[in-house]
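Model, not experiment: these values are computed from the prediction. Excluded from the calculations below are hydrogen atoms, water molecules and symmetry mates; all remaining heavy atoms, backbone and side chain alike, are included. Count residues from 1 along the sequence.
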Amino acid sequence: KSQIIYAGGDDVFIIGSWHELPDVAQKIRCEFSRYCGTNPCFTVSGGIAMVGGRYPISRAAELAGQAEEQAKHLQRGQKEKDALSFLETTIGWESFDEAIQLRNTLLDIVEKTNSQAIIDRLRQVAIAVDEIKAREKSGKFQEMIYWNKWRWRLVYNLKRMQKRYPEVESQLENLQQQLITSQSLGNKQPVMEWLQLPVRWAEFLNRSKTND
């Protein structure tokens, strides 16, 4: 369960189970948008920090505040703020439902194949993309990211998985197209900028399920 620790001005601090807080954050954002008549000038940005049960609440609040600042500074095209930082990834709310769908797809593939190979493969892709982002200074990140070797390795690995797990062939094919197709997104992030979020999210949920 979640509990409000502080609410005042335009800030709110909530503690709760890590797997529930993203839903809480999305609910707050949706209700706030409805209250404001869906006026795009009024937005909500938030940050979620994952800590252990004995971790000092004051320090957890600082970490959540740092994550919130990352969300407030997210820029995509002419759009800024209106974002969430979770699992060390900052994502615009306009992409959040897509991330949830991708998370669910990964969990479904893991369940049907009884293997987390797809999570391992995509984790490697996310790491490669992060390295590219760290090195890229020319301002052509979106163009560069779709022409690096991770792209061809991903296609090769997914094709091998399709042969090994024919029961999820169509899901793997759709996933491949989603990840490797270059996109002209305007005021929206490319999937590769937030891929780490659904991958880690699915990994943690699968780990929690396994440990139950």
Side-chain angles (χ1 to χ4, degrees), residues 18-19 21-23 25-26 29-30 33 40 43-50 63-107 109 118-155 157-158 171-205:
W18 75 270
H19 62 284
L21 288 176
D23 292 335
Q26 188 177 36
R29 191 254 182 176
C30 291
S33 177
T43 63
V44 172
S45 293
I48 298 175
M50 288 180 59
L63 295 176
Q66 293 171 12
E68 180 189 12
E69 284 301 310
Q70 294 175 353
K72 287 182 177 179
H73 289 89
L74 179 64
Q75 187 83 35
R76 55 272 195 215
Q78 301 300 312
K79 188 177 179 63
E80 60 181 355
K81 301 181 179 180
D82 197 24
L84 177 71
S85 182
F86 176 46
L87 294 175
E88 300 180 6
T89 305
T90 305
I91 183 171
W93 281 115
E94 68 279 354
S95 299
F96 193 69
D97 283 339
E98 187 178 355
I100 291 176
Q101 292 173 5
L102 181 50
R103 176 206 68 186
N104 292 341
T105 295
L106 297 181
L107 288 172
I109 291 174
I118 185 62
I119 291 178
D120 294 337
R121 297 291 183 272
L122 293 190
R123 188 196 305 116
Q124 294 171 7
V125 171
I127 291 172
V129 170
D130 283 343
E131 291 177 353
I132 293 171
K133 289 167 65 177
R135 296 176 183 178
E136 173 59 23
K137 303 295 182 182
S138 68
K140 297 180 179 179
F141 165 71
Q142 185 169 341
E143 176 181 344
M144 175 183 178
I145 201 170
Y146 283 102
W147 292 102
N148 274 270
K149 59 185 179 182
W150 68 262
R151 202 167 183 245
W152 314 116
R153 289 178 178 175
L154 176 63
V155 172
N157 286 324
L158 291 181
Q171 287 176 296
L172 291 172
E173 181 66 31
N174 291 337
L175 183 61
Q176 174 183 304
Q177 293 304 315
Q178 181 181 11
L179 296 180
I180 71 171
T181 303
S182 183
Q183 304 167 50
S184 179
L185 300 174
N187 295 332
K188 192 175 180 181
Q189 297 163 280
V191 173
M192 285 301 150
E193 287 194 6
W194 49 259
L195 176 63
Q196 178 180 244
L197 173 58
V199 172
R200 293 188 66 190
W201 202 350
E203 181 179 12
F204 288 162
L205 287 172

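At least one side-chain heavy atom of Glu98 sits less than 4.5 Å from a side-chain heavy atom of Trp194. Contact check for Val125 versus Leu179: no side-chain heavy atoms found under the 4.5 Å cut-off. Counting only heavy atoms from C-beta outward, the side chains of Val129 and Leu195 never approach each other to under 4.5 Å. At a threshold of 4.5 Å between non-hydrogen side-chain atoms, the residues Met50 and Leu63 do not count as touching. At a threshold of 4.5 Å between non-hydrogen side-chain atoms, the residues Leu197 and Arg103 do not count as touching. Side chains of Trp201 and Asn104 form no contact here, defined as non-hydrogen atoms less than 4.5 Å apart. Looking at heavy atoms from C-beta onward, Glu173 lies in side-chain contact with Gln176 at the 4.5 angstrom threshold.
Take Arg121 and apply the side-chain hydrogen bond (donor to acceptor under 3.5 Å, both in side chains) test, not counting sequence neighbours, and it matches no residue. Asp23 is linked by a salt bridge (Lys or Arg N to Asp or Glu O under 4.0 Å) to nothing, counting only residues two or more places apart in sequence or in another chain.
Among all heavy-atom pairs drawn from Pro198 and Leu102, the shortest one is CG-CD2, 3.7 Å. Here the shortest heavy-atom pairing between Phe96 and Pro22 reads CZ-CB, 4.1 Å. Ala49 and Ala64 get closest at one heavy-atom pair: CB-N, 3.7 Å. The shortest non-hydrogen separation linking Val199 to Leu106 is CA-CD1, 4.0 Å. Taking each heavy atom of Gly47 and Ala67 in turn, the nearest pair found is CA-CB, 3.6 Å. Taking each heavy atom of Gln75 and Gln78 in turn, the nearest pair found is NE2-C, 4.0 Å.
Atoms CD and CD1, from Glu203 and Ile118 in turn, are 13.0 Å apart once rounded to the nearest 0.5 Å. Note that OG1 of Thr43 and NZ of Lys81 are 6.5 Å apart. Values are rounded to the nearest 0.5 Å. To the nearest 0.5 Å, atom NZ of residue Lys72 and atom CD of residue Glu80 are 12.0 Å apart. In this structure, the separation between OG1 on Thr105 and CG on Asn174 is 8.5 Å, given to the nearest 0.5 Å. Taking CD from Glu193 and NZ from Lys188, the interatomic distance works out to 12.5 Å, rounded to the nearest 0.5 Å. Distance check, rounded to the nearest 0.5 Å: OG of Ser45 to CG of Leu84 gives 8.5 Å.
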For residues 86-94, which side-chain donor-acceptor pairs fall under 3.5 Å, sequence neighbours excluded?
{"residue": "Thr89", "atom": "OG1", "partner": "Leu87", "partner atom": "O", "Å": "3.3"}
{"residue": "Thr89", "atom": "OG1", "partner": "Gln196", "partner atom": "NE2", "Å": "3.0"}
{"residue": "Trp93", "atom": "NE1", "partner": "Val44", "partner atom": "O", "Å": "2.9"}
{"residue": "Glu94", "atom": "OE1", "partner": "Arg76", "partner atom": "NH2", "Å": "3.0"}
{"residue": "Glu94", "atom": "OE2", "partner": "Arg76", "partner atom": "NE", "Å": "2.9"}
{"residue": "Glu94", "atom": "OE2", "partner": "Arg76", "partner atom": "NH2", "Å": "3.4"}

